[in-house]
Student: 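Dumping the structure here so I can ask a few things about it.
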There are 4 protein chains.
Amino acid sequence: MVTPRRFLSDKLCPVRAKRERRKEARPGELIAAALDLFVEKGFAATRAEEVAARAGVSKGTLFLYFKNKEELFKAVVTENLSGRFTEWNKEFEVFEGSTSDMLRYCMRVWWERVGSTKASGLTKLLMSEGSNFPTLAEFYRQEVVRPGHALVRRILHRGIDSGEFAPVDVDHAIYAVIAPMMFLMLWQHSTPMCIDGQAVLDPETFIAVQTEIVLRGLSARPSA
Amino acid sequence: MVTPRRFLSDKLCPVRAKRERRKEARPGELIAAALDLFVEKGFAATRAEEVAARAGVSKGTLFLYFKNKEELFKAVVTENLSGRFTEWNKEFEVFEGSTSDMLRYCMRVWWERVGSTKASGLTKLLMSEGSNFPTLAEFYRQEVVRPGHALVRRILHRGIDSGEFAPVDVDHAIYAVIAPMMFLMLWQHSTPMCIDGQAVLDPETFIAVQTEIVLRGLSARPSA
Amino acid sequence: MVTPRRFLSDKLCPVRAKRERRKEARPGELIAAALDLFVEKGFAATRAEEVAARAGVSKGTLFLYFKNKEELFKAVVTENLSGRFTEWNKEFEVFEGSTSDMLRYCMRVWWERVGSTKASGLTKLLMSEGSNFPTLAEFYRQEVVRPGHALVRRILHRGIDSGEFAPVDVDHAIYAVIAPMMFLMLWQHSTPMCIDGQAVLDPETFIAVQTEIVLRGLSARPSA
Amino acid sequence: MVTPRRFLSDKLCPVRAKRERRKEARPGELIAAALDLFVEKGFAATRAEEVAARAGVSKGTLFLYFKNKEELFKAVVTENLSGRFTEWNKEFEVFEGSTSDMLRYCMRVWWERVGSTKASGLTKLLMSEGSNFPTLAEFYRQEVVRPGHALVRRILHRGIDSGEFAPVDVDHAIYAVIAPMMFLMLWQHSTPMCIDGQAVLDPETFIAVQTEIVLRGLSARPSA
DNA sequence: CATGAATGAGGTTTCATTCAT
DNA sequence: CATGAATGAAACCTCATTCAT
């Protein structure tokens, strides 16, 4: 993220200047702190100063790295969600095996890398506060929803093309795949709603079961 | 929408001054306006003055009827959610028929009277902002979650006692019933997340399908 | 500025409620305080809270009457400068006498009602800070410069049409009239530049002398 | 623009390292950049970092050469205005010819070396912001106003002593000489006030005309 | 009862200045 | 010498809540 102009002298001086190391680490630390707080309290209720404090810097420093709170939020989304789609797209390009396995793999990987992490809270945040912050909502749609849908769409097309899946309206079928993910994300970040905080839903089982249901629904050969 | 406590006396004295009737209607109008705005923008982002304006009164009047914003919110919850449990409990006490039908009826009635109304936005609100307003979260748990769970628990016990349902851990099974409701409420109030606002999920079908799935899961006689 | 809804009851109660009287007086008090401070310190250096304090109210009250600092400034300009042009235009429409006398009258009246008052500081302010606040500069151009030029232009045209003035390029001649005004305004508000604050320039003499010079310059009959 | 104090040694050692020359040029480059920005935006609105950037150095470097923004401003004034008085004083000491010609020369030279340059913006700046920065105002009075007045005063005394000028109160007459200069400086840096930015006033003509007017006014022999 | 003027704590953002490297 | 990361005081503006009328 930062152009390391001192590459040569760094070689000569392997113990990089502490200050400079911090400088490169700062954006990441701030983004991490912001992710925590945004997920915990929402966008509006998170105070810039608190993010800075959690990252161990002062108020002013935050604005040294991010023009304003919205840009900070966008960076959080980019770092934790949209930035990963290129990697995922590549994985799926080289995937060999049935499309059913591909979808299973997709769901599992999503759970491991997003659903079960704090990043899933960002989705909930957008659902709650999106209408109050149209800029953020639009950014999220462009950077996360659109590529996410595209990824799922590709899988569905692959299945249909190969004859594994019945030919359905892909644009609608997408939601059958995404709905369980959405639900899990919401559920996870709404535990305060459960009395006594009982953990009742086993997410991995839920994902597995829902995946099979969806697959059966999509299958070209109707289950007997 | 507001329980008219003086209904009878109104009948006896039909010429009651219009102004006085307005006076009695005030809290209800404020609650209705508040419901709209809370659901639309969330608790924190809703300004007291806007609620008052939508109810056609001045800012000061709002605080005449409700000590503060939190009390207003509690009134909204009471009026739209918790206040209805007594009525529902009664309905279910006199219900005759199989427990499966009872559950089907429960789900349908919930959808008609809550799920499809603005009141369902309150649940989403609590999920989003609950952690920022512990008092409200606690109030909601006591007034809505607890009686809601109790209602479902009673249905499940009835089914188990009658042999219709397999004997399961009721405290956990509750969530199987509630989860689809929760999901629908969240989904409904998060449409901005969908690209192009495609309406994809038919709520009534969703409820029906999920109900049958749950019933099959609960059934004492394993589906062949 | 405020619709007095209580006209009748005011009649019955001639000692208007103190609070309400204040309410109607507030904008004016705030504008007066703002004029003082803007002229004294400039736009950027004047703090909103200080304006409020000088008007005897708190920070928040200022923003009750003016959306933001720029709107406050615009109100100050409107109240003290642009609002007066309609009155002036009328005066000049009914003016009888030579155009030379009309111009003399114009200059004298300008000095009495603007040049010698704090309002003249606004012009200096715009000259200094206009480029930092393009919105304000544009507003001032539309609301003050344009009608001011129009007024002078009309006088010049009248003189030319009547044969008193030589036919000149009016758009340029305007500046011959305005320049002495501008200079006086700047001079007045820049006294700190004079050592020991010696008052050296007698404004009324200056205006009179400059007026005659301009008149001689405009005259149709060349001075012998 | 910067007085190269090491000029001679540079000649003796032409191969002096470029970096060192830069080092000596720094203050001058910073002062030049600061002049530009101060004149363009004013003192308060000019950001230290922007000055540094325009001079091609980092923020820290600026404060290496100038203790703070005020000292930087003083250096700008010294370099562009007060530093020149010694040179001018010398020129006038050796001036031969009538005092009228001396005054004409003075005005012309002032226009060429100050009035028409960016330095003239400093005067406008002080007029606008002087009251917000008393230290700077005082500095300017001591370093520019005082020697400027002294210069003019000497010319007037010379004329009176030689019988060319009528014996007048010199302290007041000074302003007759200075006023046109001030006006031009203000006018020049306030173009945004003109509608459509019409250039109307030809400065050199203005200076020439005003000079003659002043001379006639000062002359010992009343114009016929 | 009803009003709406007034308050002031609290949040975001800017920028001169310092100082470790 | 030079850098630029870090600081924190200060300014603008919002809004829940109070209270005189």
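Residue numbers start from 1 in every chain, and the chains themselves are labelled A, B, ... in the order their sequence lines are given, proteins ahead of strands.
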Student: Just jot down the side-chain contact (heavy atoms from CB on, under 4.5 Å) partners of C/Ala32, sequence neighbours excluded, or say none.
Tutor: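 Once residues adjacent in sequence are excluded, C/Ala32 has no partner under the side-chain contact (heavy atoms from CB on, under 4.5 Å) criterion.
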Student: What integer distance in Å separates D/Leu72:CG from E/dT17:P?
Tutor: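 Result: 10 Å.
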Student: Starting at CG of A/Leu30 and ending at P of F/dT7, how long is that distance when rounded to a whole Å?
Tutor: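 The distance from CG of A/Leu30 to P of F/dT7 comes to 10 Å, rounded to the nearest Å.
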Student: Do you know the tightest heavy-atom contact between B/Val51 and B/Leu30?
Tutor: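 For B/Val51 and B/Leu30, the tightest heavy-atom pair comes out as CG1-O, 3.8 Å.
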Student: To the nearest Å, give me how far apart NZ (B/Lys67) and P (F/dT18) are.
Tutor: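 So the two atoms are 9 Å apart, to the nearest Å.
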Student: Take atom CG of C/Asn132 and atom C1' of E/dT14, then tell me their distance rounded to the nearest Å.
Tutor: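 After rounding, the gap between these two atoms is 15 Å.
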Student: With rounding to the nearest 0.5 Å, note down the distance linking CD1 in D/Ile31 to CG in D/Leu35.
Tutor: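 One finds 9.5 Å between CD1 of D/Ile31 and CG of D/Leu35.
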Student: Where do A/Lys41 and B/Glu129 land on the salt bridge (Lys or Arg N to Asp or Glu O under 4.0 Å) test, with the steps shown first?
Tutor: CA-CA 7 Å; A/Lys41 324 181 118 182; B/Glu129 300 187 79; over 6 Å; no
Student: Taking atom C1' of E/dG11 as reference, at what distance in whole Å does atom NZ of A/Lys69 sit?
Tutor: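 After rounding, the reported distance stands at 8 Å.
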Student: Please give me the minimum heavy-atom distance between C/Ala137 and C/Leu126, naming the atom from each residue.
Tutor: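 Answer, listing the atom of C/Ala137 first, then C/Leu126: CA-CD1, 3.6 Å.
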Student: Take the protein atom CD of B/Glu70 and the nucleotide atom P of F/dA16, then report the distance between them rounded to whole Å.
Tutor: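 One finds 12 Å between P of F/dA16 and CD of B/Glu70, rounded.
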Student: Please list, by residue number, the residues of residues 55-65 of chain C whose heavy atoms come closer than 4.0 Å to an atom of DNA chain E; answer none if no residue qualifies.
Tutor: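 Only C/Val57, C/Ser58, C/Lys59, C/Gly60, C/Thr61, C/Leu64, C/Tyr65 qualify.
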Student: Find out whether D/Val39 and D/Leu125 are in side-chain contact, i.e. whether some heavy atom of one side chain is under 4.5 Å from a heavy atom of the other.
Tutor: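 Contact flag for D/Val39/D/Leu125 side chains = no.
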Student: Taking 4.0 angstrom as the limit, do D/Glu143 and D/Lys74 come out as a salt bridge?
Tutor: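 Result for this pair is no, no salt bridge flagged.
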Student: Report the residues that fulfil ring-ring contact (aromatic ring centres under 6.0 Å, His included) with C/Phe43, sequence neighbours left out, ordered by chain and then residue number.
Tutor: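 ring-ring contact (aromatic ring centres under 6.0 Å, His included) check on C/Phe43 returns C/Phe38, C/Phe73, C/Phe133.
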Student: Using atom CD of C/Glu50 as one end and atom P of F/dA10 as the other, report the distance to the nearest whole Å.
Tutor: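 Checked: the CD to P distance equals 14 Å.
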Student: If a pair means Watson-Crick or G-U wobble with both distances below 3.5 Å, what does DNA chain E look like in dot-bracket form, with | marking bases paired to a different strand?
Tutor: .||||||||||||||||||||
Student: Whole angstrom is fine here: how far is it from CD in C/Glu49 over to P in E/dA9?
Tutor: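 In whole Å, E/dA9 P lies 10 Å from C/Glu49 CD.
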Student: Check DNA chain E against residues 33-48 of chain A and give the residues with a non-hydrogen atom under 4.0 Å, in numerical order.
Tutor: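 The stretch gives A/Thr46, A/Arg47, A/Ala48 as the residues lying under 4.0 Å from the strand, ordered by number.
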Student: Return the minimal non-hydrogen interatomic distance between D/Leu62 and D/Ala48, and the atom names on each side.
Tutor: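 Closest heavy-atom pair between D/Leu62 and D/Ala48: CD2-O, 3.5 Å.
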Student: If the condition is side-chain contact (heavy atoms from CB on, under 4.5 Å), which residues does A/Arg54 pass it with, not counting sequence neighbours?
Tutor: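 By the side-chain contact (heavy atoms from CB on, under 4.5 Å) rule, A/Arg54 matches A/Ala33, A/Asp36, A/Leu37, A/Glu40.
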Student: Is the closest side-chain heavy-atom distance between D/Val76 and D/Asn80 below 4.5 Å?
Tutor: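 Side chain of D/Val76 against side chain of D/Asn80, heavy atoms only: contact under 4.5 Å found.
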